[in-house]
Amino acid sequence: MWLASYPKSGNTWARIFLANYLTNAQTPVSINDVHRFAMGDSITKTYRMVAKGEPVDLDDVDVTLRLRDPVLRGIIGNGADVNLVKTHNIRGVARGVELIPAKYTRSSIYILRNPLDMVLSYARHYGIDIAKAVETIGRSDNANATDGGAVWQFLGTWSEHVNSWTKPAPYPSLVLRYEDMLSRPEHSFGALVTHLGLPLDAERLDRAIRHASFDEVKGQEARTGFTENPGKSATFFTSGKAGAWKEAMTDELVKKLKSDHRITMKRFGYL
């Protein structure tokens, strides 16, 4: 069961919520334990395990793609009833390799965010300026190269990514907007719980939403750090608000981003 998004669009927030809903504890789950509730499809350690000791160069795109199918087969063959798998990969093909095979898929959850806000977080996350980030998310060849923790991830443009995951699929899919998760959390997170086939309990839902709130996770990060922060930004959880672009972006950059993504932005109510 895929939990997909373009980077910096709310994937981590959704995973923190789910960890708290599944645990159903009176105290918040540690943000550094969230990885136990959803695995990733691009974790370097997993690819090396599948290589079974064979020396592999994961900086090589073709090597990564050759190992991808065995990695996915390993995930679905682990005996669990459901595997929730985080991905930033586009639902498409890279060098002839299907990145999100329907034959391994039960369903998908896709989270999208207004690119005018997303690009600000994207710039901080990758340690680049906003102008570079705007240019990067408008390129079809946009990809994250292998680093210490993750192998190659194939993103494409923001519009291509969104459209790939929101087009008709041969399995159930749920699409959530980050802005609705902010303004109508009970509705959005309730839909997420229902999509997963879990019982929807109002008290449990409210508690999980509070335990995954920005103030809570920001406070945890200040006290303990966050292991998923790549280190290019001082903090992983920075703002979490909608509309920050109005003060942070120049008119020229706003115009370019809207020009690059106008059709998809209009489709999802961002224009």
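All figures in this text were calculated on a predicted structure; none of them were measured in a lab. Computed from heavy atoms alone, side chains included, the values below leave out hydrogens, waters and symmetry copies.
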Please identify each residue that fulfils ring pair (Phe, Tyr, Trp, His ring centres under 6.0 Å) with F189, with sequence neighbours left out. W13, F17

For R210, enumerate each residue passing the salt bridge (charged side-chain N to carboxylate O under 4.0 Å, His left out) test, keeping only those at least two apart in sequence or located in another chain. D206

May I ask you to check whether S108 and R91 show a side-chain donor-acceptor distance below 3.5 Å? no

Does M118 form a side chain to side chain contact (heavy atoms under 4.5 Å, CB included) with I137? I'd like the steps, not just the answer. CA-CA 10 Å; M118 180 277 294; I137 70 165; 3.8 Å; yes

Does the side chain of L155 come within less than 4.5 Å of N144's, by heavy atoms? yes

H161 side chain vs L112 backbone, donor-acceptor pair below 3.5 Å: no

With a 3.5 Å distance limit and no angle check, can you tell me whether S5 reaches the backbone of P7 through a side-chain donor-acceptor pair? no

Would I31 and E221 satisfy side chain to side chain contact (heavy atoms under 4.5 Å, CB included), going step by step from the backbone distance to the final call? CA-CA 8 Å; I31 56 175; E221 184 180 27; 4.1 Å; yes

pair I111-L3: side-chain heavy atoms closer than 4.5 Å: yes

Closest non-hydrogen atom pair, D117 against A244: OD1-N, 3.0 Å

Per the side chain to side chain donor-acceptor pair (under 3.5 Å) rule, what does the pair list look like for residues 185-195, sequence neighbours excluded? S107-H195

Could you tell me which residues satisfy side chain to side chain contact (heavy atoms under 4.5 Å, CB included) with K258, sequence neighbours excluded, listed by chain and number? L116, V254, R262, M265, L271

Side-chain contact test, heavy atoms from C-beta onward, threshold under 4.5 Å: evaluate it for L18 versus L196 and give yes or no. yes

To the nearest 0.5 Å, atom CD1 of I130 lies from atom CG of L253 at 7.0 Å

Taking the side chain as C-beta and beyond, is there a heavy-atom pair between R113 and R177 under 4.5 Å? no

Give a yes or no on whether V93 and W152 share a hydrophobic cluster (residues Ile, Leu, Val, Met, Phe, Trp, Tyr; joining criterion: side-chain heavy atoms under 4.5 Å apart). no

For residues 246-255, pull every pair meeting salt bridge (charged side-chain N to carboxylate O under 4.0 Å, His left out), keeping only residues two or more places apart or in separate chains. none

Which residues satisfy the side chain to side chain contact (heavy atoms under 4.5 Å, CB included) test with A202, sequence neighbours excluded? none

Can you tell if the side chain of W2 reaches within under 4.5 Å of the side chain of W165, non-hydrogen atoms only? yes

For the residue pair K86 and R15, establish whether any side-chain heavy-atom pair is separated by less than 4.5 Å. yes

Per the salt bridge (charged side-chain N to carboxylate O under 4.0 Å, His left out) rule, what does the pair list look like for residues 188-203, sequence neighbours excluded? E203-R207

Kindly give the heavy-atom pair with the smallest separation between H211 and I16, and that separation in Å. O-CG2, 4.5 Å

Is L192 linked to L200 within one hydrophobic cluster, defined over Ile, Leu, Val, Met, Phe, Trp and Tyr using a side-chain heavy-atom separation of less than 4.5 Å? yes

Where P199 and V193 come nearest, the two heavy atoms and their spacing: O-CG1, 3.8 Å

Distance-minimising heavy-atom pair for L22 and L198: CD2-CD1, 3.7 Å

Residues which pass side chain to side chain contact (heavy atoms under 4.5 Å, CB included) with E160, listed by chain and number, not counting sequence neighbours: I90, S140, T157

Could you give me the CA-CA distance, side-chain angles and deciding distance for S159 and N163, then say whether side chain to side chain contact (heavy atoms under 4.5 Å, CB included) is met? CA-CA 6 Å; S159 291; N163 292 326; 4.3 Å; yes

Taking side-chain hydrogen bond (donor to acceptor under 3.5 Å, both in side chains) as the definition, give me every residue that meets it alongside N142, ordered by chain and number, with sequence neighbours left out. Y6, Y122

Heavy-atom closest contact (V85 atom, G40 atom, distance): CG1-C, 4.0 Å

Is there a donor-acceptor pair closer than 3.5 Å between any side-chain N or O of T44 and the backbone N or O of G149? yes

Side chains of S173 and Y110: does their closest heavy-atom pair fall under 4.5 Å? no

Treating N20 as the side-chain partner and V29 as the backbone partner, does any N or O pair qualify as donor plus acceptor under 3.5 Å? yes

Over all heavy atoms of both residues, which pair between L174 and A191 is shortest? Give the atoms and the distance, please. CD2-O, 3.7 Å

M39 and T46, any side-chain heavy atoms less than 4.5 Å apart: no

Evaluate side chain to side chain donor-acceptor pair (under 3.5 Å) for R139 paired with T136, printing each intermediate quantity in order. CA-CA 5 Å; R139 286 173 36 196; T136 300; 4.6 Å; no

My understanding is that only residues two or more places apart in sequence, or in another chain, count here; which of them pass side chain to side chain contact (heavy atoms under 4.5 Å, CB included) with K256? V134, D260

Only distances under 3.5 Å count here; give the side-chain donor-acceptor pairs of residues 59-74 to other protein atoms, sequence neighbours excluded, each with its distance to 0.1 Å.
from : atom 1 : to   : atom 2 : distance (Å)
D60  : OD1    : D62  : N      : 2.8
D60  : OD1    : V63  : N      : 3.4
D62  : OD1    : R95  : NH1    : 3.2
D62  : OD2    : R95  : NH1    : 3.3
T64  : OG1    : L58  : O      : 3.2
T64  : OG1    : D60  : O      : 3.4
R68  : NE     : L99  : O      : 3.0
R68  : NH1    : D41  : O      : 3.3
R68  : NH1    : D41  : OD2    : 3.3
R68  : NH1    : Y47  : OH     : 3.3
R68  : NH2    : D41  : OD2    : 2.6
R68  : NH2    : L99  : O      : 2.9
D69  : OD1    : Y104 : OH     : 3.0
D69  : OD2    : R73  : NE     : 2.8
D69  : OD2    : Y104 : OH     : 3.3

Which residue pairs pass the ring pair (Phe, Tyr, Trp, His ring centres under 6.0 Å) test when at least one of the two sits in residues 242-263, sequence neighbours left out? W158-H261

Is there a side chain to side chain contact (heavy atoms under 4.5 Å, CB included) between L84 and F37 once you walk through the steps? CA-CA 7 Å; L84 188 63; F37 296 85; over 6 Å; no

